[in-house]
Peer 1: 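The structure's right below; bear with me while I get my questions together.
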Amino acid sequence: MESFDLIIIGSGPGGYVAAIRAAQLGLRTAIVEKDKELGGTCLNIGCIPSKALLSSSDHFAFAKKEAAKHGIVLKDVGLDLGVMLQRKDKVVKTLTGGVRGLMKLNKVSTFQGTGTITAPGKVSVQGAEGAAQEIEAKNIIIATGSVPSDLPSMKFDGDVIVSSTEALCFTEVPKKLLVIGGGAIGLEMGSVWSRLGSEVTVLEFLPRIALGFDLELANALQKVLTAQGMKFHLGTKVSEVKVENGRATATATKGDEQLTFDADKVLVSIGRRAFADGVGAEKIGVELDDRKRIKVDPHFRTNVEGIYAIGDVIAGPMLAHKAEEEGIACVEMIAGKSGHVNYDVIPGIIYTNPELAGVGVTEDFAKEKGMDVRVGKFPFAANGRALAADDATGFVKFVADAKTDRIIGAHIMSHVASDLMAECVAVMEFGGSAEDLGRTVHAHPTHSEAVKEAALAVNKSALHIGNR
Ligand SMILES: Cc1cc2nc3c(=O)[nH]c(=O)nc-3n(C[C@H](O)[C@H](O)[C@H](O)COP(=O)(O)OP(=O)(O)OC[C@H]3O[C@@H](n4cnc5c(N)ncnc54)[C@H](O)[C@@H]3O)c2cc1C
């Protein structure tokens with residue numbers, strides 16, 4: 001039986017990053033993946049393919065609707081969906097191949113097959129064919145991620161009622177697409193197909209979209225997406241989706257109103273559930289919580305010695321960067337170092353156009369909790385670079401502690417919000433104040449000057465707008 005210091009089950013961003021860090025720290029490491037490709041949900045059917053399609057569809061929308069404004073004359077702009085999907089697949093292949101290369105570079109042993117923990121320290125790997133292979137290690141990390149959730153009244157059928165996985169590879173643009181759930185995945189996939197010509201309707205149970213993000217920004221995003229052609233029904237509870245002759249009909253209630261929607265495809269994007277099926281955790285006594293997530297302590301230890309868990313399979317936001325940081329911290333603690341994840345500064349991003357990004361306390365949360373905060377805002381309509389680039393929709397908002405001036409929340413709607421967010425996260429990680437950020441030199445002309453100005457606005461000293 002081959003022996004390792006550490007076996008990681010699952011090669012998503014949590015698992016493969018943990019493997020690299022473990023190898024760097026000198027641990028003899030193995031990674032077990034049931035799928036053919038490494039990289040997990042994120043690289044194969046999540047973050048990366050969705051962003052590839054978001055970029056391509058954004059170029060298409062620009063060519064169709066915006067180019068003329070810039071004096072660019074494009075005639076007969078058309079769509080070759082096959083090529084667009086192939087490009088997405090190529091991006092995925094490049095990155096999953098890159099992860100395989102990184103495993104080799106770091107001398108991490110890769111096993112293909114379903115990994116099952118048969119006893120503490122023992123993992124059996126069952127490939128598609130042949131006998132299972134047994135491997136052992138003192139430490140095992142479960143990084144088996146998550147899968148899309150459906151409901152008994154709207155079960156995935158892989159064709160008409162689908163999850164994000166199928167919505168990443170529709171071979172035709174659906175004439176009508178119904179999106180159930182107005183969170184990140186629903187809004188991103190809805191944007192893709194709306195830009196490519198689908199009539200997209202989003203049904204959301206809550207009275208708002210983008211739960212978890214600053215309410216003012218979420219409402220602003222909904223307005224922009226509506227102007228782009230997407231339709232929204234908020235406070236709408238879908239009771240059932242039926243499929244007949246290849247078409248779907250959804251029935252829903254909105255207050256006292258009964259509504260029906262017909263569609264060619266229905267994307268159910270109501271959330272994801274932790275996935276630990278087949279890993280054998282329960283059989284060896286690993287405790288799960290009421291949502292079937294693996295229970296861990298702050299050191300990512302389960303209740304069974306030598307077994308750890310990270311990423312989507314444990315509690316917390318289901319995000320690739322959260323999984324990565326947990327992987328690194330978990331391995332560092334296994335190696336006797338002091339790993340750490342700062343859960344107060346995990347940014348969330350919705351990659352629509354404009355993008356919505358947020359980290360920390362929102363203004364609405366601060367109000368609800370009666371926190372003593374100051375808020376500073378700055379619109380991209382007053383930012384030279386955004387105007388020059390014709391992407392001046394949106395604004396930056398900071399929430400700072402009124403007594404200490406420390407930034408406790410940063411929220412951005414902008415074409416480049418995801419990248420601008422990095423600076424906000426770094427300042428918050430180091431406990432920076434609005435004044436610190438406001439006094440930091442930002443190159444001109446850049447979108448990032450709006451970040452500086454919003455920080456100045458916290459203390460009513462923004463330069464390029466009035467301070468009230
Ligand atoms: C459409 C979509 C878009 C997304 N976009 C973003 C985004 O922009 N940014 C972001 O941060 N997050 C995004 N996410 C979420 C992100 O993909 C996940 O949070 C992330 O992949 C979680 O990483 P993980 O390592 O915990 O698990 P996963 O990436 O789910 O990887 C788990 C791996 O474990 C394997 N596995 C499971 N059981 C076994 C077993 N018994 N044996 C062997 N292998 C096993 C699985 O095959 C899988 O490869 C998106 C998700 C989707 C679906």
Side-chain angles (χ1 to χ4, degrees), residues 7-19 30-55 88 92 96 99 110-118 123-128 132 135 140-149 162-169 179 181 183-192 267-269 271-281 293-294 300 309-328 330 346-352 355-357 418 421:
I7 298 170
I8 298 165
I9 305 178
S11 72
Y16 89 75
V17 168
I31 193 159
V32 183
E33 173 54 59
K34 69 178 170 60
D35 288 348
K36 217 172 93 222
E37 304 297 342
L38 302 177
T41 303
C42 177
L43 269 64
N44 291 285
I45 49 168
C47 328
I48 297 301
S50 59
K51 270 65 216 180
L53 287 184
L54 279 158
S55 291
K88 171 209 62 167
V92 168
T96 54
V99 172
T110 309
F111 292 85
Q112 202 209 322
T114 298
T116 305
I117 309 171
T118 49
V123 174
S124 155
V125 183
Q126 179 64 63
I135 51 178
I140 298 170
I141 299 179
I142 302 172
T144 48
S146 62
V147 289
S149 297
V162 301
S163 73
S164 53
T165 307
E166 292 79 24
L168 286 166
C169 33
V179 175
I185 293 178
L187 296 176
E188 290 183 10
M189 295 316 302
S191 282
V192 165
L267 165 62
V268 180
S269 47
R272 296 177 61 82
R273 64 172 177 85
F275 179 80
D277 304 2
V279 84
R293 298 173 299 196
I294 293 179
F300 307 103
I310 57 160
D312 280 10
V313 78
I314 66 169
M318 289 186 169
L319 291 168
H321 41 282
K322 177 252 189 195
E324 288 182 28
E325 295 306 326
E326 288 180 343
I328 292 166
C330 176
I346 295 185
I349 313 233
I350 300 182
Y351 294 81
T352 42
E355 298 171 341
L356 194 59
S418 51
M421 189 37 70

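Atoms within each ligand, like the ligands themselves, are counted from 1 in listed order.
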Peer 1: Looking at Gln126 and Thr114, would you say the former's side chain and the latter's main chain have a donor-acceptor pair under 3.5 Å?
Peer 2: no

Peer 1: Quick test: of every protein heavy atom, which one is nearest to atom 18 (C) of ligand 1, and how far off is it to 0.1 Å?
Peer 2: Asp312 OD2, 3.3 Å

Peer 1: What protein heavy atom sits nearest atom 42 (N) of ligand 1, and how far off is it?
Peer 2: Gly115 N, 2.8 Å

Peer 1: Provide, to 0.1 Å, the distance between atom 3 (C) of ligand 1 and the closest protein heavy atom, together with that atom's residue and name.
Peer 2: Gly46 C, 3.3 Å

Peer 1: Report yes or no: does Ser124 contribute a side-chain atom to a donor-acceptor pair with the main-chain N or O of Thr116 at less than 3.5 Å?
Peer 2: no

Peer 1: Answer side chain, backbone, both or neither: which part of Lys51 comes under 4.0 Å from ligand 1, heavy atoms only.
Peer 2: side chain

Peer 1: Within this structure, what is the CD1-CD1 distance for the pair Ile141 and Ile8, rounded to the nearest 0.5 Å?
Peer 2: 4.5 Å

Peer 1: Give the atom numbers and elements of ligand 1 that come within less than 4.0 Å of a heavy atom of Thr114.
Peer 2: 41 (N), 42 (N)

Peer 1: Heavy-atom distances under 4.0 Å decide this one: backbone, side chain, both or neither, for Ser164 against ligand 1?
Peer 2: side chain

Peer 1: Considering the heavy atoms of Ser50, write down every atom of ligand 1 situated less than 4.0 Å from one of them.
Peer 2: 3 (C)

Peer 1: Look up atom OG1 in Thr144 and atom CG in Asp312, then write down how far apart they are to the nearest 0.5 Å.
Peer 2: 9.5 Å

Peer 1: What pairs of donor and acceptor atoms, side-chain ones from residues 34-45 against any protein atom, are under 3.5 angstrom apart with sequence neighbours left out?
Peer 2:
residue : atom : partner : partner atom : Å
Asn44   : ND2  : Leu38   : O            : 3.2
Asn44   : ND2  : Gly40   : O            : 3.0

Peer 1: Give the atoms of ligand 1, by number and element, whose distance to some non-hydrogen atom of Gly40 is under 4.0 Å.
Peer 2: 29 (O), 31 (O), 48 (C), 49 (O)

Peer 1: Show which atoms of ligand 1 fall inside a sub-4.0 Å distance from at least one heavy-atom site of Gly113.
Peer 2: 42 (N), 43 (C)

Peer 1: Could you tell me whether Arg272 approaches ligand 1 through its side chain, its backbone, both or neither, with non-hydrogen atoms closer than 4.0 Å?
Peer 2: side chain

Peer 1: Give the residue and atom name of whichever protein heavy atom lies nearest to atom 44 (N) of ligand 1, and the separation in Å to one decimal.
Peer 2: Lys34 N, 3.1 Å

Peer 1: Identify, for atom 4 (C) of ligand 1, the protein heavy atom at the shortest distance, and state residue, atom and that distance.
Peer 2: Cys47 N, 3.4 Å

Peer 1: Within this structure, what is the OG-CD1 distance for the pair Ser50 and Ile48, rounded to the nearest 0.5 Å?
Peer 2: 7.5 Å

Peer 1: Can you find a heavy atom in the side chain of Ser269 that is under 4.5 Å from one in the side chain of Val179?
Peer 2: yes

Peer 1: Heavy-atom contacts with Gly145 under 4.0 Å: which atoms of ligand 1 show up? List them by number with element.
Peer 2: 26 (O), 27 (O), 28 (P), 30 (O), 32 (C)

Peer 1: Indicate yes or no: does an N/O atom of Ile185 lie under 3.5 Å from an N/O atom of ligand 1?
Peer 2: no

Peer 1: First locate atom CD1 of Ile349, then atom NE2 of His321, and finally report the distance between them rounded to the nearest 0.5 Å.
Peer 2: 6.5 Å

Peer 1: Using modelled atom types and a 3.5 Å cut-off, is there a donor and acceptor pairing between side-chain atoms of Glu188 and backbone atoms of Tyr351?
Peer 2: yes

Peer 1: Given side-chain contact (heavy atoms from CB on, under 4.5 Å), test Val32 with Ile135 step by step and report yes or no.
Peer 2: CA-CA 10 Å; Val32 183; Ile135 51 178; 4.1 Å; yes

Peer 1: Output the list of atoms in ligand 1 that are nearer than 4.0 Å to some heavy atom of Phe275, sorted by atom number.
Peer 2: 37 (C), 38 (N)

Peer 1: For Ile117 and Ile142, what are the C-alpha separation, side-chain angles and deciding distance, and is it a side-chain contact (heavy atoms from CB on, under 4.5 Å)?
Peer 2: CA-CA 9 Å; Ile117 309 171; Ile142 302 172; 3.8 Å; yes

Peer 1: Hey, could you give me the SG/CD1 distance between Cys47 and Ile185, rounded to the nearest 0.5 Å?
Peer 2: 9.0 Å

Peer 1: Is there a side-chain contact between Leu168 and Met189 (heavy atoms, below 4.5 Å)?
Peer 2: yes

Peer 1: Among all protein heavy atoms, pick the one closest to atom 34 (O) of ligand 1 and tell me residue, atom and distance.
Peer 2: Gly10 CA, 3.2 Å

Peer 1: Mark up the atoms of ligand 1 that fall under 4.0 Å of a heavy atom belonging to Gly14, in ascending order.
Peer 2: 25 (O)

Peer 1: If you measure from each non-hydrogen atom of Ala143 to ligand 1, which part falls under 4.0 Å: side chain, backbone, both or neither?
Peer 2: backbone

Peer 1: In the protein, which heavy atom is nearest to atom 31 (O) of ligand 1, and how far is it?
Peer 2: Gly12 CA, 3.4 Å

Peer 1: At a 4.0 Å threshold, what atoms of ligand 1 neighbour a non-hydrogen atom of Ser146?
Peer 2: 30 (O)

Peer 1: Should Thr41 be counted as touching ligand 1, given the test is an N or O pair under 3.5 Å?
Peer 2: yes

Peer 1: Rounded to the nearest 0.5 Å, what's the gap from CG on Leu54 to NZ on Lys88? Could you check?
Peer 2: 12.0 Å

Peer 1: Using a 4.0 Å heavy-atom threshold (strictly under), name the region of Ile9 that reaches ligand 1: side chain, backbone, both or neither.
Peer 2: side chain

Peer 1: Which residue from Ala184, Ala320, Ser163 reaches closest to atom 12 (N) of ligand 1 through any of its heavy atoms?
Peer 2: Ala320

Peer 1: Which protein heavy atom lies closest to atom 46 (C) of ligand 1, and at what distance to 0.1 Å?
Peer 2: Glu33 OE2, 3.5 Å

